[in-house]
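Keep in mind that what you see is a predicted model, and the values were worked out from it rather than measured. In what follows, every chain begins at residue 1, and chains take the letters A, B, ... in the order their sequences are listed.
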2 protein chains.
Amino acid sequence: MKAAYMFAPGDVRVEDVPMPTLQEPTDAIVRMVRACVCGSDLHPYRHMTPHAEGWAMGHEMIGVVEETGSSVTNVRKGDFVIAPFAYQDNTCELCREGMQTSCPKGGWYGGEEGAAAGGLQAEYARIPQADGSLVVVPGVTEKSPDDLLASLLTLSDVYLTGYHAAHMGRVSAGKTVTVVGDGAVGLSAVLASHQLGAEKIILMGRHMERTDLGRRFGATDVVPERGDEGIAKVLELTGGLGSHVVLEAVGYMPAYVQSYGVVRPGGVISRVGVPQYEDAPVGFGSLFGKNATLTGGPAPVRAYLDDAVPRVLSGEINPGLVFDKAVALDDIAEGYKAMDTRKALKVIVKP
Amino acid sequence: MKAAYMFAPGDVRVEDVPMPTLQEPTDAIVRMVRACVCGSDLHPYRHMTPHAEGWAMGHEMIGVVEETGSSVTNVRKGDFVIAPFAYQDNTCELCREGMQTSCPKGGWYGGEEGAAAGGLQAEYARIPQADGSLVVVPGVTEKSPDDLLASLLTLSDVYLTGYHAAHMGRVSAGKTVTVVGDGAVGLSAVLASHQLGAEKIILMGRHMERTDLGRRFGATDVVPERGDEGIAKVLELTGGLGSHVVLEAVGYMPAYVQSYGVVRPGGVISRVGVPQYEDAPVGFGSLFGKNATLTGGPAPVRAYLDDAVPRVLSGEINPGLVFDKAVALDDIAEGYKAMDTRKALKVIVKP
């Protein structure tokens, strides 16, 4: 079968590799109907140390169950499923607390050969902990409309990562929310904040075709300025006090600095952009002095899936609008390039 | 009148200074009945740059109102009052949101000559924004029992700072709480966690006379080990998963590192020890990877006072037990020394 591998910065290739097989009784094999390229895939695309055997890529997929291990009971051959970007048993104490990305039996897709699971930018994938990971979507098939499939695919990561930011930031009715970053996660955070009833949603971003989608998702204000200028603008829009909630969907230090600059005393900064730093200001001059809360992390999307699927099926939310380019798996390198050069916001992959 | 000033590390003296006078119509003058020395006063006591005119010291006081400005209506001459360690108008948007320590009209006591307000380790003090700051305690006088006065005094800072930690950490029934630090704030955080219904309260501290008081306040376990050993012990006590809430009442980096080491995925670290650092780990390896939340800051004790006063008056809580030494204002230098050398946990000051 075909699967995407990355060998060096800018070097993604589709390889012919053996079909995945059941390795544990808790596994399932899923045939990909849609996959996609994640903003986080661009980090290795820009910076990875060259690797002769390559890294298996991809962690977002919807598809059809082909085969299940002997102990799998929640899904069966032929089911149409969403695979969250991390797998988990969904029964342990941490899963029950809504922290599925910390499940001791859980893990991540892709990476080096010999990693616990392969990548999901592939024709077929082995899904560990299938009972806890796969969510069946009744009534949907690979022949369902493209836009419905696109929205369902966002529930494997991007939309529910934006939702996680808003959830951890305790977005609720009447609050002012500032979203830092106009990538697909940032726009998803705008949509999620709107879904959760935020009163004012300020989107910090400078790419008009993206911020226009942000407005369509519910942004009430757009601030293209960055740094001190951007901070001043947000303070001006919030009566000088700052934003109750800041959703940081970038992961670089300037976005972090911007976040504590615009957060209101007692407010929350919720990060879902994977931090490309370890140390950051947290003392009296940044977080502590104004009782700002810092939260966020890898989204336990499994925790939010049961609520989100019906909202997509009913058309209440249409998060699939973040996809603005489609490629065949064979042409995925072109998809990476389009995202890397910002010619595409997010690229959907067909078999 | 007499007031405590600090001139250099280890050099605290009681000076004879002019009586404070009303400067704004919103001011009140309060005669001190009890004041005390704060753990945070030890930072300049150890590290301050020598200063010829000295810093006015102290920010905790209960006393009797002597005089009020023309616009003050909530308190009057003769009222017995608690003065929170920060002043505020208690009517603005941030105050109404419970963030009184960020009130634009608020401020701190003490510091250099010419600071907005003097220190409260003094016979008399000028209290700015008296209507928003002073809380009248009916039925109490300077002749009330010493232990009642001591407990009321803790509501100006130390107990409600511990309470703030627990409140921001969302301590509630059934949760496991780890308190880092067995100083007066840490022990207050134990008592507050108990008041809020925590199931298991692990106190990390190694001074037995203090941890014994911690047990009296509600600690169920004491961990004297520090660093990796201490982290391992707390993990062992929490089924390997870590603590839902960590209350950090120290302010130094090792306490921060210990905090993210013992916090459970999805848990909260709430800091009230004033950070003696600005940058700290917050990336994938510390907070982000396990969706840990970092919160806390200077306690808006005014927000909690109305609830706390009746609990002290009824004897439900007895936070004044943190005081283990009393000195006259004239002998306050001895009080500083006793706290600096850990011979006293917290020192109460009489006129």
> Can you tell which of B:Pro300, B:Gly240, B:Pro104, B:Pro298 has the highest number of heavy-atom pairs within less than 4.5 Å of chain A?
Replying inline: B:Pro298
> For B:Val268, is it the side chain, the backbone, both or neither that has a heavy atom under 4.5 Å from a heavy atom of chain A?
Replying inline: neither
> How far apart are the C-alpha atoms of A:Lys290 and B:Thr101, what are their side-chain angles, what is the distance that settles it, and do they pass the side-chain contact (heavy atoms from CB on, under 4.5 Å) test?
Replying inline: CA-CA 8 Å; A:Lys290 54 181 178 179; B:Thr101 38; over 6 Å; no
> Based on non-hydrogen pairs under 4.5 Å, which of B:Val274, B:Leu287, B:Ile269 is most in contact with chain A?
Replying inline: B:Val274
> Relative to chain A, which of B:Gly251, B:Gly239, B:Gly289 shows the most heavy atom pairs under 4.5 Å?
Replying inline: B:Gly289
> Under the 3.5 angstrom rule, does the side chain of B:Glu278 hit a backbone N or O of A:Gly285 as a donor-acceptor pair?
Replying inline: yes
> Would you find more than 12 non-hydrogen atoms of other residues, nucleotides or ligands less than 6.0 Å from B:Asp228 atom CG?
Replying inline: no
> Side chain, backbone, both or neither: which part of A:Ala292 has an atom under 4.5 Å from a heavy atom of chain B?
Replying inline: backbone
> Picking from B:Ala280, B:Ser102, B:Gly266, which has the most non-hydrogen pairs under 4.5 angstrom with chain A?
Replying inline: B:Ala280
>> When you compare the side chain of A:Leu294 with that of B:Val282, does any pair of heavy atoms fall below 4.5 Å?
In response: yes
> Checking heavy atoms, do the side chain of A:Gln276, its backbone, both or neither come under 4.5 Å from chain B?
Replying inline: neither
> So do the side chains of B:Thr295 and A:Asn291 get within less than 4.5 Å of each other, counting heavy atoms only?
Replying inline: no
>> Can you tell me which portion of A:Ser286 sits under 4.5 Å from chain B's heavy atoms? Options are side chain, backbone, both or neither.
In response: both
>> So, taking the atom named OH in B:Tyr277 and the one named CZ in A:Phe288, what distance separates them when rounded to the nearest 0.5 Å?
In response: 8.0 Å
> Of all heavy-atom pairs between B:Leu94 and A:Pro265, which one has the smallest distance, and what is that distance?
Replying inline: CD1-CG, 3.9 Å
> What residue, out of A:Met99, A:Met168, A:His244, has the most heavy-atom pairs lying under 4.5 Å from chain B?
Replying inline: A:Met99
